[in-house]
Asker: 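Okay, here's the structure, questions in a sec.
Here is the naming used below: chain letters follow the sequence lines, and residue numbers restart at 1 for every chain.
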Amino acid sequence: MGNRFSEYKGLDLSSINKEVLKKWEDDNTFEQSLKEREGQPSFIFYEGPPSANGMPGIHHVMSRTIKDVVCRYKTQQGHQVHRKAGWDTHGLPVELGVEKALGITKEDIGKSISVADYNKACRVDVMKYTDMWEDLTHKMGYWVDMENPYITFDNRYIETLWWMLKELYKKGLLYKGYTIQPYSPAAGTGLSTHELNQPGCYRDVKDTTCTAQFKVVKNGDSDFVFDGVDTDLFFLAWTTTPWTLPSNTALAVGPNITYVRVRTFNPYTSEPVTVILAKDLLSSFFSEKNAELKLSDYVPGDKKIPFEVTAEYTGEQLKGIRYEQLVPWIKPDGDAFRVITGDFVTTEDGTGIVHIAPTFGADDDRVAKVAGIAPLILIDRDGKRQPMVDRTGKFFLIKDLDADFVRNNVNIDLYGEFAGRYVKNAYDDKLGDEDATLDVDLSVMLKKENKAFRVEKHVHNYPHCWRTDKPVLYYPLDSWFIKTTAVRDRMIELNNTINWKPESTGTGRFGKWLENLVDWNLSRSRYWGTPLPIWRTEDGSSEICIGSVEELMAEINKAIKAGVMTKNPFEGFEAGDFSDKNYDKIDLHRPYVDDIVLVSDKGQPMYRESDLIDVWFDSGAMPYAQMHFPFENKDAMPFPADFIAEGVDQTRGWFFTLHALSTMLFDSVAFKNIISNGLVLDKNGNKMSKRLGNAVDPFKVIDEYGSDPLRWYMMTNSQPWDNLKFDISGIDEVKRKFFGTLYNTYSFFALYANVDGFKGGEAQVPVAERPEIDRWVISLLNTLIKEVVTAYENYEPTRAGRAIQDFVTENLSNWYVRLNRKRFWGGEFDKDKLAAYQTLYSCLETVAVLGAPIAPFYMDRLYTDLNTVSKTSNTSVHLALMPVWNESLINKDLEERMSYAQQISSMVLALRRKVSIKVRQPLQKIMVPVLNPVFETQLEAVKDLILAEVNVKELEYLKDSGGVLVKKIKPNFKSLGPKHSKLMKDIAAVINNMTGDDISRFEQDGKYDIIAQGQAITLELEDVEILSEDIPGWLVANEGRITVALDITVTEVLKEEGIARELINRIQNLRKESGLDVTDKIKLTIARHEAINKAVEKHKSYIGSQTLAAEVILTDKCNDSSALSVEIDTDVETTISIEKY
RNA sequence: AGUCCUGUAGCUCAGUUGGUUAGAGCACUACACUGAUAAUGUAGGGGUCCGCAGUUCAAAUCUGCGCAGGACUACCA
């Protein structure tokens, strides 16, 4: 050991995975990689916290591989890269999981199970798969510190959150307001979008829709629309929820939409009316067939209603016009019943005029606020502001309203008839599908009042509550908000400095999101999460936002003194002591914080606002909370991150909250570089899911193949931000194609290095003194380093991996090793051989270092195997530094001529195949037309390589003399294009029609005059490509611009040499079969055969040297029992025997 | 509905500032090679570059409109 390069029986990446893991553990390699970089520039990385209450899947391997690749790369660039793991522990999925496990629903909380017990169950449940996560992290080789993770339910973590909330509160960015949210009256709770997106929530339902007539008020602003109108004038607006019409306070038009004024008759009352609607939608209300009808011919009751367009307006013109309240039940408090404009208005359906009920639509609420339109609000018995519908889903009963309000604002006669009606039959147990709905009754009322223009059933998609199956209502609910809109511009500015991979996610998805930002709704009415640290008096006159446990303690003590509390539940907690022990004494969750009652300056009790905060706040706060900032690490907080990575689905999740909080609190980005990766789909492009049974178990894959092929496959198969169609056979391919080839190359090296006693520590043969092919592969190697390092630096691991793979399989293995095999076996251990070993060694070592971030296990093994013998390094590859490319070793000329060699070789081999002449049979010569001296010089340098590879004696350059060559000329569009764009077609035609003589003349003069479309044009040589495609009389191959001819005459001399080679081949096979070592010398006996005697005699020493035969004996008959019969040529058979010398 | 991504050979993917014969690997077929051998090489078949329109001398590449798949956000008259 240590003196010989390890040789293996086969490649077992799964075992290597395990062995290398063990080594990392024994050597504390990860810790070392941090310790060794102490004092070096740090590279800051944030780990996005996964939720540990679900099993890790294959897609987690994806994002974690990306993170790991970057962090390992940066370590190899000399940075210190801390990686702190984290767990996301709050939130709805946890609650649902617990409810399912305990067989309870939300209604049971506080009844059959106490909040304390419920939360205790959540705390345990959320960590239940931690072991699996740690195991996967470990096995896949993701280096992250799992010893000291941040956990979002930790009291210290929450304390930082409180500190942040207080900072926001102090800046005036935290406020209470209301917003329109999905609400389930049947369940009595608001719903999150997450809940709304449960499968089956959106269903097609058939509802009554109504196109209502809003009567235009005639005043100074609207005179122009009344010009020539002889009837009442109405706006038409359509709604799928007629029950919201009584809450209408505005109409919205599109500023650039064209509207028409139409004189017609109401189809229900037959009264003459004039209505306004979008021009584009005219045909959906008025049939073309009726266009000819005369208004004067109309008889009330006619089915066919005539109409006449009498004016046209833009939306902008209609803006500001007032109309009468459609359903005058309740007087709104403030400005209302005015036409406003909105960009969201379309003419796809309806009338192009949108009915706005700010209390029941999110869009409505927003545009109304902007335009200064009041919502239709009621005051209930408790003095609270309410929409027209109560929490159970019915119009408020008059007795439930404030008496003063009823007196001043409510028309009891009209409203009384409808008060108490449920807006959907589904909310009333007593009603079924057969009963008349509120929508219908309202529509009928409007019809009678000449206020409905069309009433019909309409099928549309509507969300339903996933628990009660009943329709959801959009309803205004009280919530706490963060005023992100206040910093929107700054967020956009900062976002422009972030390097997004791919860029489109940053500018597109994220950028657009920021432009249309709304305030961040923080409130969640749940149990398991970070409580909002705001205490308020019942009347809302005083409130306090708590920013630390210490502050809370002080307030509690104040409250105890004031007598609103009797006992401090957090007694014994010492401010400033950040130990586990101290923080274990308290619990900042519900219900404990709810039991705390504080006291206002005026001595009133203050109760906690019962909301929890959005879990996304938890994760967005992790840069600070993971350090317990500012209570600890006040001056040592790593911020902002140099790099983060997560799935693209986090764009509006984690990416957003990180960005929003850092902008608001520190006026800074939270991360400078980001990769947002795509999804991992199954091989057919379908989303993986347990339900479909197409989910891939990462543990099984790693166990079977090892992590390296999996990681390599994920990084190189498609760009990280494209979706990956995960196909297990792709991993197999990577294993064979890449790792197999790399392993083979190493095995080849190890085998011969051990034979020759090469150690790797020998003095280097100067590159300039190495043969052409060595310098070629070294040139490519330096190109590779440049390419790979640049790719990593640009956060493009895919390019890096593909470049490495290409180099290994194509250049190193298929060409360098294949052509150089003979240099490694046999012969003296001379300078040339040493150069070969050193070249191959440095290629392998460099590949190991370059590939280490992606394939950490195998590359570490390869690196160690090499260095254990050479002793040039004794560390893990992950502590090694990335190589630096040497520009002076990159020789593009050399790379070009080697590619000529490769191309010509493969062409000659193809020719041989065509005429069925084996490669073992030497041939006399190949001929290559050379049309310029540079090409000849290039070829001359690689001539020997070509000849050896294709087993041909000489290479002849055919010059342009005596007209042997048939030349062809092609236009060079790239050069011609910019000069003569319009004439290209004609020029091309002229060039293609040139004769051999023309071409010769062109070549001699260096230019050529032609006429195209009457214009004289002088062509330069660079404008065309002249090549020789055929050499009459020879066997010719042609590829691109290279042409090769092969002399296929087999002379007697050549034949003999061919026979010698055949013999050598048989003998080598025999050697191998008989188990001889590569270095064993033999005694060789060959039975005479007329066809081979001369060849053996002539090439005796050649045969001997190739087969390590000390003696080569031609005999009449081989008596040896080990003698074997071999076929040398068709019908030529002889026997040979070998014995160890 | 909006925003974004993707669409190239049977499959997975390259394809540079637009340049005229669109490539690779896998798979398939045939042949060859054999001291790297559970490798390797060569050849072959296989393409509406998603469609349509436009810009241009020239479009897989640029623009517009669609189509299909996917993601996110929203669900509104």
Asker: Apply side-chain hydrogen bond (donor to acceptor under 3.5 Å, both in side chains) to A:Tyr837 and list each qualifying residue two or more places apart in sequence or on a separate chain.
Answerer: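 A:Asp756.
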Asker: Determine the contact category for A:Arg818: base if any of its heavy atoms lies under 4.0 Å from a base atom, sugar-phosphate if only primed atoms, P, OP1 or OP2 are that close, otherwise nothing.
Answerer: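 Base, at least one base atom sits under 4.0 Å.
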Asker: Could you pull out all residues at least two apart from A:Arg454 that satisfy side-chain hydrogen bond (donor to acceptor under 3.5 Å, both in side chains)?
Answerer: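 For A:Arg454 there are no side-chain hydrogen bond (donor to acceptor under 3.5 Å, both in side chains) partners, ignoring immediate neighbours.
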Asker: OP1, OP2 of B:A36 versus side-chain N and O of A:Tyr746: anything below 4.0 Å?
Answerer: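 No, because none of the side-chain N or O atoms of A:Tyr746 sits under 4.0 Å from OP1 or OP2 of B:A36.
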Asker: So, is A:Asn717 near the phosphate of B:C13, with a side-chain N or O under 4.0 Å from OP1 or OP2?
Answerer: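 The answer is yes; a side-chain N or O of A:Asn717 sits under 4.0 Å from OP1 or OP2.
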Asker: List for me each residue that meets side-chain hydrogen bond (donor to acceptor under 3.5 Å, both in side chains) alongside A:Lys725, sequence neighbours excluded, and say none if there are none.
Answerer: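 Once residues adjacent in sequence are excluded, A:Lys725 has no partner under the side-chain hydrogen bond (donor to acceptor under 3.5 Å, both in side chains) criterion.
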Asker: Starting from C1' on B:G15, measure out to CZ on A:Arg802 and report it in whole angstrom.
Answerer: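 In whole Å, B:G15 C1' and A:Arg802 CZ are 11 Å from each other.
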Asker: What is the nucleic acid contact for A:Ser813, judged by heavy atoms within less than 4.0 Å: base, sugar-phosphate only, or nothing?
Answerer: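 Answer is base: heavy atoms of A:Ser813 come under 4.0 Å of a base.
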Asker: To the nearest Å, how far apart are A:Phe726 CZ and B:U12 P?
Answerer: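 Rounded to the whole Å, the gap is 14 Å.
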Asker: Output the single nucleotide from B:C13, B:A36, B:U73 whose closest atom is nearest the side chain of A:Trp513.
Answerer: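 Given the options B:C13, B:A36, B:U73, the side chain of A:Trp513 is closest to B:U73.
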Asker: Do the side-chain N or O atoms of A:Asn814 get closer than 4.0 angstrom to the phosphate oxygens (OP1, OP2) of B:G41?
Answerer: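 So the side chain of A:Asn814 is within the cut-off, an N or O lying under 4.0 Å from OP1 or OP2 of B:G41.
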Asker: Check whether any side-chain heavy atom of A:Phe739 sits under 4.5 Å from a side-chain heavy atom of A:Val734, and report yes or no.
Answerer: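 When only atoms from C-beta onward are counted, A:Val734 and A:Phe739 do touch, with a gap below 4.5 Å.
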Asker: Closest heavy-atom contact between A:Gly315 and A:Thr341?
Answerer: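 Here A:Gly315 and A:Thr341 meet closest at O-CG2, 4.2 Å.
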Asker: Can a side chain N or O of A:Lys725 be found less than 4.0 Å away from OP1 or OP2 on B:U12?
Answerer: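 The answer is yes; a side-chain N or O of A:Lys725 sits under 4.0 Å from OP1 or OP2.
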Asker: With rounding to whole Å, what would you report as the distance between B:C33 and B:G69 at their C1' atoms?
Answerer: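 Result for the C1' pair: 45 Å, nearest Å.
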Asker: Grab the CZ-C1' distance between A:Arg1061 and B:A32 for me, whole Å please.
Answerer: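 Nearest whole value for this atom pair: 16 Å.
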Asker: At a cut-off of 3.5 Å, list every protein nitrogen or oxygen paired with a nitrogen or oxygen from nucleotides 16-18 of chain B, distance to 0.1 Å.
Answerer:
unit_1, atom_1, unit_2, atom_2, d
B:U17, O4, A:Lys974, NZ, 2.8

Asker: B:A71 and B:U17: how far apart are their P atoms, nearest whole angstrom?
Answerer: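 To the nearest whole Å, 32 Å.
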Asker: Could you state the NE2-P distance from A:His464 to B:C75, rounded to the nearest angstrom?
Answerer: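 One finds 15 Å between P of B:C75 and NE2 of A:His464, rounded.
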Asker: Could you list the residues that satisfy side chain to side chain contact (heavy atoms under 4.5 Å, CB included) with A:Gln805, not counting sequence neighbours?
Answerer: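 With neighbours one apart ignored, the set is A:Trp712, A:Thr716, A:Phe738.
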Asker: Starting from P on B:A74, measure out to CZ on A:Arg366 and report it in whole angstrom.
Answerer: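 It is 12 Å, rounded to the nearest whole Å.
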Asker: Polar atom pairs between nucleotides 1-9 of chain B and protein, under 3.5 Å, N or O only, would you list them?
Answerer:
unit_1, atom_1, unit_2, atom_2, d
B:C4, OP1, A:Lys512, NZ, 3.4

Asker: Return the 5'-most residue of the pair A:Glu733, A:Asn1065 with respect to RNA chain B, ranking by each residue's nearest nucleotide.
Answerer: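 So the residue in question is A:Glu733.
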Asker: I'd like to check the side chain to side chain contact (heavy atoms under 4.5 Å, CB included) partners of A:Glu1062; sequence neighbours left out, ordered by chain and number.
Answerer: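 Per chain and number, A:Glu1062 pairs via side chain to side chain contact (heavy atoms under 4.5 Å, CB included) with A:Lys918, A:Arg920, A:Arg1066, A:Ile1128.
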Asker: Which nucleotide in the list B:C75, B:A39, B:G25 gets nearest to the side chain of A:Tyr474?
Answerer: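 Of the options given, the side chain of A:Tyr474 lies nearest B:C75.
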Asker: Identify, between A:Thr716 and A:Thr241, the residue whose nearest nucleotide on RNA chain B lies closer to the 5' end.
Answerer: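 Upstream on the strand: A:Thr716.
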Asker: Please list, chain by chain and in numerical order, all residues satisfying side chain to side chain contact (heavy atoms under 4.5 Å, CB included) with A:Pro476, sequence neighbours excluded.
Answerer: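 Only A:Tyr178, A:Ile180, A:Thr359, A:Pro387 meet the side chain to side chain contact (heavy atoms under 4.5 Å, CB included) criterion with A:Pro476.
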Asker: Looking at residues at least two apart in the chain, or sitting in another chain, which of them share a side-chain hydrogen bond (donor to acceptor under 3.5 Å, both in side chains) with A:Asn723?
Answerer: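 Once residues adjacent in sequence are excluded, A:Asn723 has no partner under the side-chain hydrogen bond (donor to acceptor under 3.5 Å, both in side chains) criterion.
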Asker: Can you list every salt bridge (charged side-chain N to carboxylate O under 4.0 Å, His left out) pair that touches residues 801-811 of chain A, not counting sequence neighbours?
Answerer: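 Qualifying pairs, neighbours excluded: none.
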Asker: Under 4.0 Å between any heavy atoms, over every strand shown, what does A:Asn972 touch: base, sugar-phosphate, or nothing? Just pick one.
Answerer: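 The answer is nothing, as A:Asn972 stays clear of every strand by at least 4.0 Å.
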Asker: Return the set of residues passing side chain to side chain contact (heavy atoms under 4.5 Å, CB included) with A:Asp1023 (not counting sequence neighbours), or none when no residue passes.
Answerer: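 Checked A:Asp1023 against side chain to side chain contact (heavy atoms under 4.5 Å, CB included); matches are A:Ser975, A:Leu976, A:Lys979, A:Leu1019, A:Glu1020.
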Asker: If you take all heavy atoms of A:Leu236 and A:Ile353, which pair is closest and at what distance?
Answerer: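 Where A:Leu236 meets A:Ile353 most closely, the heavy atoms are O-CB, 3.3 Å.
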Asker: Sugar-phosphate atoms are those with a prime plus P, OP1 and OP2; base atoms are the rest. Using that split, label each nucleotide of nucleotides 54-63 of chain B B, S or - for protein heavy atoms under 4.0 Å, 5' to 3'.
Answerer: ---B------
Asker: At under 4.0 Å, does any side-chain N or O of A:Arg799 touch on OP1 or OP2 of B:C13?
Answerer: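 Checking A:Arg799 against B:C13: no side-chain N or O falls below 4.0 Å of OP1 or OP2.
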Asker: Nearest to the side chain of A:Gln719 - B:A14, B:A27, B:A71?
Answerer: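 The answer is B:A14, which lies nearest to the side chain.
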Asker: Verify the neighbour count for atom CD of A:Glu503: are there more than 12 heavy atoms of other residues, nucleotides or ligands below 6.0 Å?
Answerer: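 Incorrect, the count does not exceed 12.
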